Each structure stands twice: as structure tokens, then as C-alpha cells.
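Below is one structure, written out as C-alpha cells; the observations come after it.
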Amino acid sequence: MGTLSTAPRSAAGDIATQPLLPRESPLPMAPGDLGQKRVSDRVPAPIATTMVWRRGLILLATAALTGAGGYEMYRVLEVGGVTVLEAMVLTLFLVLFAWVAFSFASAAAGFFVLLAHHPDGDAAAPGLELQPIASRTAMLLPTYNEDPHRLTARLRAIIESLEATSHGKLFDWFILSDSTDPDIWVAEEKALLALRQDVGTPRLYYRHRADNTARKSGNISEWITRFGGVYDFMIVLDADSLMSGQTIVRLVHAIETNPTAGLIQTLPMIVNARSLFSRVQQFAGRLYGPVIAAGVAWWHGSEGNYWGHNAIIRVRAFAETAALPQLRGRKPFGGHILSHDFVEAALMRRAGWGIYMLPTLGGSYEEVPPSLLDFAARDRRWCQGNLQHLAVVPARGLHWVSRLHFMVGIGAYLTAPLWLLFLLLGMLISLQARFVRPEYFPKGFSLFPTWPAQDPVLAIWVFGATMGMLLLPKLLSLILVWTRRSARLQFGGAFRVSAGVFVEIVLSALLAPVMMIFQSIAVIEILAGRDAGWQTQRRDDGTVERRELYRKYGIPTLCGVAMAASAYAVSLPLLLWMSPVIIGLLFAVPLGALTSLPAFGGQFATPEEREAPPVLRRANELSTSANTDIKPAMLELREDPALLAFHIAQLPPARAVRPDMIDANLAVGRAKVEASDTFELAAAHLSSREVFSILGNGVALSAVLQKR
């Protein structure tokens, strides 16, 4: 790909003086080695002198709650002696209750942090003057088969917001495409040319990568090794990311003033939700997210985590320490690391760079999948990525908090099959008591019979305590809103936000068993060796076809039928006891259909919905007015000479091809072109992969376009 190449004059305006890409400034990234312990004298600046006390408090609270819950569960089961099945249930309960207790302790800490926090005195309050910055920052937007018009609409809103801060000249913008759809590839180029003309900046670049090695992490690494040498920092965005200019400048200032910071993460808020499912997620994230984020930031300190986007990163620190290795073995456990962000943060911290989070910064946004099925598809990929971390946990030299991050991520998915196993064992114990004749006098001498029984009253108390720990963080978030008048008004008043919490809890309780089945299936598939692949994520329409509803929700429904029949076979009280799980499974199909439908109105209103921030309002205006039609790639290039020149200028120079490296799609495509008499016939007979290969070859592309 030639550097400093230029495109000719387009119909939209003169872009001849604008370079396609900046001059290359390579920055090497040595292959990562999990077995090599990097020695560094660098120590990240702590956010407080009490970090040992804070972390000890979280772990002590988790241990104390788990011990108390485990003891009460033992009392439930020990009536008449603990059988093998009951011992298994107790073990599972201890593991699962520890998970709940850990999350509760962290959220409780976040509640008290925010309770003492005064937004008006925040150094990052929106009304305060921005501090001067001097560093050069690259804004990176990796994309994979996304809608290019909405992508550039969001990007334009960010650029305009940043230019309004008077610091815009310190930033360069890169769209890093991994798109494999040929029509989207060319549409991206066309949208980029239009965006260049609209914003009037020559520092907006586009690079398409035909080889998608290592997916997003490989995309970022390839940019660093070509262009990273001249930049101090990079801010990595996702295709659905949105950030205000003030937030970006404050992130740069924060990392400039902390020379030991390698990465600073924001808390993105969900916006633009349309379906019932996404609106519930948006409401929950906006209400509960700050409490959770404040809690983890309070005890993570300089050993935080990275969520893959809307974060600022020190480029040289990342290049020197965060190159990812390939894991040994075959997919899904081997190969390139999917959930790369956790690993990159851990490797940077291993080298002495601090990983921080600013939970109250604001001005950072993202979107969420529109339906439970879309969410589950993305979650399936995350599940595989987190389970891959089993091979990363033993890496030498990692900070113990980094290892804990990996274990928490792994546990987030392993708990689903563990909960399912816990429920099944509990039902098996009940079925055994109902249909298997008990041995009142086991072998050996015994003065008294052994009565198989549990304490039902105490069991209710244990169940209530577990549910209370699950729900209390949500209620604490609600209390924070109640105690602050401005927050109450932003959510539509105390009554409306309270009603929203109640409905969210009910819907989440109904959907949780379905998600438990989906995650359990995902874990089983991964353990069986099935790779998740790399699918394009839907952003807008959550509507699901009836056939897909029955096919995807069929297994959860059958699980609900089996559980209901088994519980009823024992007793009606057991059926009622299991009803919170059974109802969600039995009604999985209608719930899936209902939650995927559009849902507008004020039931789940959020502050960003009631009064949209300027950057969000601008992005939505541009997205609404954008022409989202995507024409066939060949037709677009044939009709627009400027676009064709821009496309060809980006192609890598032709190289000698070894016989074992021949592109079969290109060879077949060229043969079809030669056999066709007209352009229309040639374009009609080419498959998508053949078009993609031809687009990457200037000679073959010219041959197609020269057809009459």
C-alpha cells in the first residue's frame, strides 16, 4: 500500500491534497511470551494508600458471607445425615454463594463510594474548564462488516465534538477495516471520502486489511507496527462507540499527568436502545453500572481491567508489553486469543504499567444487541474467549489481581452450568426421596433409624438470603437515585425509576434461566471443540423470525417441560418452589418474541434519553439523515472514477506469487470474467468471495470494469 498517495478530484470536492495514509512510522511488537517473567522497576502510582485494606475487606467480606451461607445450607441438609448427593449440593452451593457474595461485596463498596461522592466537586465535571494537553493521540476505529454510513455518522459526531474543544489538531483518525463483504468494503471507502469532505480534516485515514489475522487484536497490532511510532497515545473505539470531545481531552490529560499509567478505562453507557430487551439492558446498565464500576475501581486501583474499547492506551508501553502469543493446541482453546483485552491489561501491568478506571468521567457511550438471541451470540464468543484464559492464568509474573480478573471472567460462564447442575441435583434428591425406598436401618449397628429429610423452613431462609444478596445491589443503586434530586429528575422521578427497577427485576428473573441454558450449551460446545467464529453483530432491528424463535428457544422450553414434570411428580409444593426457574423456561419462545419487539416510551427512560448529550444528539441526527443504501461494489466503482482511483491507490503492490499461494477465488473469478461478454454478466456470475478477491487485485478489477 503506497504511502502519501493521493486520490484525484471527486464530485464532492477536491481531496487531491489529502494523503491516503500518513507516512509510516513502524513500532515493533515482539511476540508475547506467557512463560517469560518480565522484570521491571516500574511501580504504578496507587490511587490510595489503603489498597491492601480495601482488598482485604472485599475478600474478608466474601469469605465471611460464604462461610455463613455455607453453614446455614449445611444445617438445611444435615437433618438425618448428609448423603452423597446432598454433599455435592452443598459443595456447589458454596462455590455459587461465594460468587454471589464477592459481587455483592464489591457493589456494596461502590454504593458507599458514590454515596460520599459529590458530582459538583468532580475534577471531570462537564462544566469545568478543560486542562491543556500536548500529546499526539491516534483515534482508532476497527470495523468488521458494519454499516459504513452509521459508522461514519458516529465518527463525524466525535470529530466535531473534539474539534469544538480547540484540541482537534493533536488527534489523527484511523478507520481500520477488516470487512470481508466486498460491497461493505467499497461502501466504507465511499463513506470515508464523504466524511473527509464534510469534516474538512486531512488527518482522517482509512486502511483495509485483506488478511484478518488475530481479528481485532491483530488489526490494532498491524496499525502499531506500521504507524504507531509517532503517537504518544491511542484511543480504541468499537463500531458502536461514541465519546464526547471533552471526555477524550480529559482522558489524554489524565494519562499525561500519570507517567506510570499504561491504560485508563472509562465506563461506557448504553444508548440508542429500541427493543424491549435492549431498553431493559440500557436502563439496568445506566442505573446499576455506576455502582458496580465505582466498586471495582475502589479496590482494583492500579490493577484494573480493560474492556476493549473507549479507553486510552500508552502506545509504546502497549507495543513493548502487550503483544499476544498464540495459545497452544487447536481451537477453541488454542490459536489467537479472542478476549484479548483482559490479557493485554494483565501483560501491561506485569511490566509495571498501571491500569486505571475513571468510573465517574462520563461522556462515553456504546450500544447493546437488540435481542436475547443476538446477545447470546455475542456472549458465546466471549465465553470461548474467557475459557481460553485458563491457559493464561498460570503465566509467570502476573499480578494476583490480574489473575483474579481472569478467574472472575471464567467464573462468569462456568457458573451457568454449575447453577443448572445445582438445580438438577436438588430435584434428583427430591425424586429419590419420592420414588426410592429409603434405607431407614443401614448396614452396621444403629440404635436409631436414619430419616432422609431436610429442614424446609431453614431452606426458605437460605433461599431468601441468596436472593437478597442478588437484589440488594440493585436496591442500593435505587437508593442513590432517591437521595439525589437531580438524578431522580433525570430518570423521570422516584416513582417511575422505582417501577422500572421492579419490572426490570421481573423480566431479568424470567430471562435468567434461558440465559443459563444458553451459556451452559456454550460451555459444553466449547469443551467439545466447537469454535465460535467471527460473526457480524446486528445493531438495530431485534425482530426474530418465528422459525428461528422455535429453533433457538426450543431447548430451554424442553428443559422447562422436563423440570416442571419432574417437580410435579414429587409434589405441588416443589413445583411452586421451582416456579421462578420453570416459568422463564416454559415461556422462552413468547418471552424471546416479546422482548425483541420495539419498545418506546418512558418506562425505562434514562438520563441520556430524556436529555441527549450533544455528541449523541448529533450522531443520531447524522445517522437518521444518512443514505444507508449499499450498492454492489463493482457497480459503485464503475460509476464513480474518483472512488475507483481511491480504491486502487490503496491496494498493495503486485508481488510474485508462489504456486502454493495461488488465490483460488481470484483464479475462478478471473476465468468467469474472461468467459463473460458483458460487465453485467461478469458481475452476476461472481460469488461474494470472488468479488472480494478481484477487488484486491488491480489487474483483475480493471478487466471486469472494462467489460461493456
Side-chain angles (χ1 to χ4, degrees), residues 145-147 181 240 270 272-285 367-384 412-413 415-417 419-420 423-424 500 503-526 528 530-568 575 578-601 603-604 628:
N145 292 336
E146 298 281 348
D147 183 332
D181 185 315
D240 60 348
I270 299 172
N272 291 336
R274 296 174 178 84
S275 67
L276 177 59
F277 174 81
S278 60
R279 286 183 62 79
V280 169
Q281 298 297 311
Q282 175 179 275
F283 176 81
E367 296 181 8
V368 71
S371 73
L372 181 60
L373 291 182
D374 291 296
F375 184 88
R378 185 184 71 175
D379 197 65
R380 168 66 172 80
R381 187 173 67 252
W382 288 357
C383 178
Q384 180 175 329
Y413 293 96
T415 50
W419 275 116
L420 181 59
L423 293 172
L424 294 178
V503 177
E504 185 275 330
I505 289 174
V506 172
L507 279 175
S508 296
L510 292 172
L511 294 176
V514 181
M515 200 64 204
M516 175 185 67
I517 299 297
F518 284 155
Q519 289 184 336
S520 299
I521 293 173
V523 171
I524 293 172
E525 288 180 343
I526 292 167
R530 183 176 175 185
D531 183 36
W534 195 11
Q535 294 84 27
T536 304
Q537 183 174 307
R538 291 199 302 173
R539 301 287 182 188
D540 299 318
D541 186 14
T543 304
V544 183
E545 294 182 359
R546 181 175 299 180
R547 179 180 300 178
E548 187 178 8
L549 277 173
Y550 291 133
R551 184 170 62 88
K552 294 292 182 65
Y553 289 110
I555 294 180
T557 303
L558 292 176
C559 290
V561 171
M563 284 188 180
S566 301
Y568 182 73
L575 178 62
M578 296 286 296
S579 61
V581 174
I582 292 174
I583 290 175
L585 295 175
L586 287 177
F587 292 93
V589 171
L591 279 172
L594 175 66
T595 55
S596 66
L597 295 176
F600 300 98
Q603 178 62 64
F604 297 108
T628 58

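Remember, predicted model here, so these are calculated numbers, not experimental data. Positions are given from 1 along the sequence.
Of all non-hydrogen atoms in Pro556 and Leu585, the two that sit nearest each other are O-CB, 3.4 Å. Residues Cys383 and Ile526 share a closest heavy-atom pair of SG-CD1, 3.5 Å. Minimum interatomic distance between Val514 and Ala588 (heavy atoms only, all atoms of both residues): CG2-CB, 4.0 Å. The minimum heavy-atom distance between Pro513 and Pro580, with the atom names listed, is CG-O, 4.1 Å. Shown here for Arg380 and Arg530, the closest heavy-atom pair between the two residues is NH2-O, 2.8 Å. Considering every non-hydrogen atom in both Ala567 and Met578, the closest pair reads CB-CG, 4.4 Å.
With hydrogens and angles disregarded, no donor-acceptor distance shorter than 3.5 Å links the side chain of Ser275 to the backbone of Ser371. A donor-acceptor pair is defined here as one N or O able to donate and one able to accept, closer than 3.5 Å; no such pair exists between the side chain of Arg378 and the backbone of Pro369.
Two residues are said to be in side-chain contact when any heavy atoms from C-beta on lie closer than 4.5 Å; Tyr413 and Trp382 meet this criterion. Residues Leu372 and Tyr553 form a side-chain contact, since some pair of their non-hydrogen atoms from C-beta on lies under 4.5 Å apart. Looking only at side-chain heavy atoms (C-beta outward), Val368 and Gln282 stay at 4.5 Å or farther from each other. Here the side chains of Phe375 and Met515 are in contact, with some heavy-atom distance below 4.5 Å. Annotation: side chain of Leu510 is in contact with side chain of Ile583 (closest heavy-atom distance under 4.5 Å). Side-chain contact between Phe518 and Leu373: present, with at least one pair of heavy atoms (C-beta onward) separated by less than 4.5 Å. Side-chain contact between Leu423 and Val581 is present, with at least one heavy-atom pair separated by less than 4.5 Å. The shortest side-chain heavy-atom distance between Ile555 and Cys559 falls under the 4.5 Å cut-off.
Taken from CG in Leu511 to CZ in Phe277, the straight-line distance is 7.0 Å, to the nearest 0.5 Å. How far CG of Leu558 is from CG of Leu586: 10.0 Å, rounded to the nearest 0.5 Å. Distance check, rounded to the nearest 0.5 Å: OG of Ser579 to CE of Met563 gives 12.5 Å. Separation of atoms CD1 (Ile270) and CG (Asp240) is listed at 9.5 Å; rounding is to 0.5 Å. Rounded to the nearest 0.5 angstrom, Gln281 CD and Glu504 CD are separated by 8.0 Å.
Remark: of the listed residues Ile517, Ile521, Thr415, Ile517 is the sole one forming a side-chain contact (heavy atoms from CB on, under 4.5 Å) with Leu420.
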